[in-house]
Participant: 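Below is the structure I would like to discuss, written out as structure tokens.
Being a predicted model, the structure only gives us computed values, none of them experimental. Order of listing sets the numbers, starting from 1, for every ligand and every atom in it.
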Amino acid sequence: MSKRLVIALGGNALGKSPKEQLSLVEGTASTIVDLVEQGYDVVIGHGNGPQVGMVNLAFEFSANNHSGTPAMPFPECGAMTQGYIGYHLQQAVERELARRKIDKPCAAVVTQVVVDKKDPAFKHPTKPVGMFYSKDKADEMAAQTGYTFVEDAGRGYRRVVPSPLPIKIVELPVVEQLVKNHCVVITVGGGGIPVVEKKRGDYQGVAAVIDKDRASALLALELKADMLVILTAVEQVAINYNTPQQQDLAQMTVGEAREYIHQGHFAPGSMLPKIESCISFVENTKNGKALITSLDKARQALEGMTGTLIVKN
Ligand code: ADP
Ligand code: MG
């Protein structure tokens, strides 16, 4: 059986605008197809922070300025970003597969991810999205809509949405079938469209952003992947990051990773969720390993030459 890789793509694989994204995905696809060429079954997850913020902001601005455009609910904005990011990625992967004469399909799956409506994150939304408002306007909208607004770095008031934990990937059986048939699959885009399960099989979108590294770890676990690969802006994870004592790590055990978390080596908004995702995957699989490295070093890192490998013991 070929080895399964679940790859979580970071923001630097996609860039800041649709135009930049369209050109960046070429390099991303080249790395992905390198791995396909080496015989791996590849499943791709990706973020959508900047993209969902942008789509939401555009609709909000438009709806607020008498354009006749309806307000676009937040989960729908997430679904839109899954769609166009998936479209760019699959197009680039298909092009690269064709160029190398590899006869494999690639598909992006619109994917819902169930969250718990009692998740404490709903009481403490943290992720700012959309436009800036005056305090009065924010108060008025909060009363009308129930949205939460917070003051954002002196620039005004901004809506915040929660970042709950992923519990279940709704379209997992479809993804499983595609992977079994050696299709390159793009799924849990932006961490997945967050939904709550009202009754068995009855889902409803909620305004939230699921962390893409956590959703990818759940995906890797459910697919019994051989490895979770998190591709980000740094080649290796470090302790004492950004200090004269910085020490890049080639490998750490789950126990060491926990100790480093305890010592505060990983920034909460960036590296910490990655390390926690790796721990949860490695700990809950028999032989699974996790790897954190940069997009351009992915191939070398999979050969053990660089990157940071997270192992059980
Ligand atoms: P992504 O879009 O890939 O999720 P993030 O910016 O969220 O990217 O996370 C990657 C960033 O984490 C790196 O660019 C780096 O600046 C930061 N970082 C924080 N702590 C560490 C650490 N201990 N070692 C390496 N990078 C770290
Ligand atoms: Mg991140």
Participant: With no hydrogens and no angle check, is any side-chain donor or acceptor of Glu197 less than 3.5 Å from a backbone partner on Val114?
Facilitator: no

Participant: Can the positive tip of Arg159 be found less than 6.0 Å from the middle of the six-membered ring of Tyr147, inside 45° of the ring normal?
Facilitator: yes

Participant: Under a single-linkage definition using a 4.5 Å side-chain heavy-atom cutoff for Ile, Leu, Val, Met, Phe, Trp and Tyr, are Val93 and Leu302 assigned to the same hydrophobic cluster?
Facilitator: yes

Participant: Start with the C-alpha distance between Leu14 and Gln51, add both sets of side-chain angles, then the distance that settles side-chain contact (heavy atoms from CB on, under 4.5 Å), and finish with yes or no.
Facilitator: CA-CA 9 Å; Leu14 300 171; Gln51 294 84 356; 3.7 Å; yes

Participant: What are the polar N/O contacts of ligand 1 with the protein below 3.5 Å, with distances?
Facilitator:
unit_1: ligand 1; atom_1: 2 (O); unit_2: Gly11; atom_2: N; d: 2.7
unit_1: ligand 1; atom_1: 3 (O); unit_2: Thr232; atom_2: OG1; d: 2.6
unit_1: ligand 1; atom_1: 3 (O); unit_2: Lys274; atom_2: NZ; d: 3.3
unit_1: ligand 1; atom_1: 4 (O); unit_2: Lys212; atom_2: NZ; d: 2.8
unit_1: ligand 1; atom_1: 4 (O); unit_2: Lys274; atom_2: NZ; d: 2.5
unit_1: ligand 1; atom_1: 8 (O); unit_2: Thr232; atom_2: OG1; d: 3.3
unit_1: ligand 1; atom_1: 12 (O); unit_2: Ser270; atom_2: OG; d: 3.3
unit_1: ligand 1; atom_1: 16 (O); unit_2: Tyr241; atom_2: OH; d: 2.9
unit_1: ligand 1; atom_1: 23 (N); unit_2: Ala238; atom_2: O; d: 2.7
unit_1: ligand 1; atom_1: 23 (N); unit_2: His265; atom_2: O; d: 3.0
unit_1: ligand 1; atom_1: 24 (N); unit_2: Ala238; atom_2: N; d: 3.0

Participant: Heavy-atom distance under 4.5 Å between the side chains of Met252 and Thr308, does that happen here?
Facilitator: yes

Participant: Check the pair Ile7, Tyr40 against side-chain contact (heavy atoms from CB on, under 4.5 Å), reporting the backbone distance first and the verdict last.
Facilitator: CA-CA 11 Å; Ile7 300 180; Tyr40 292 109; over 6 Å; no

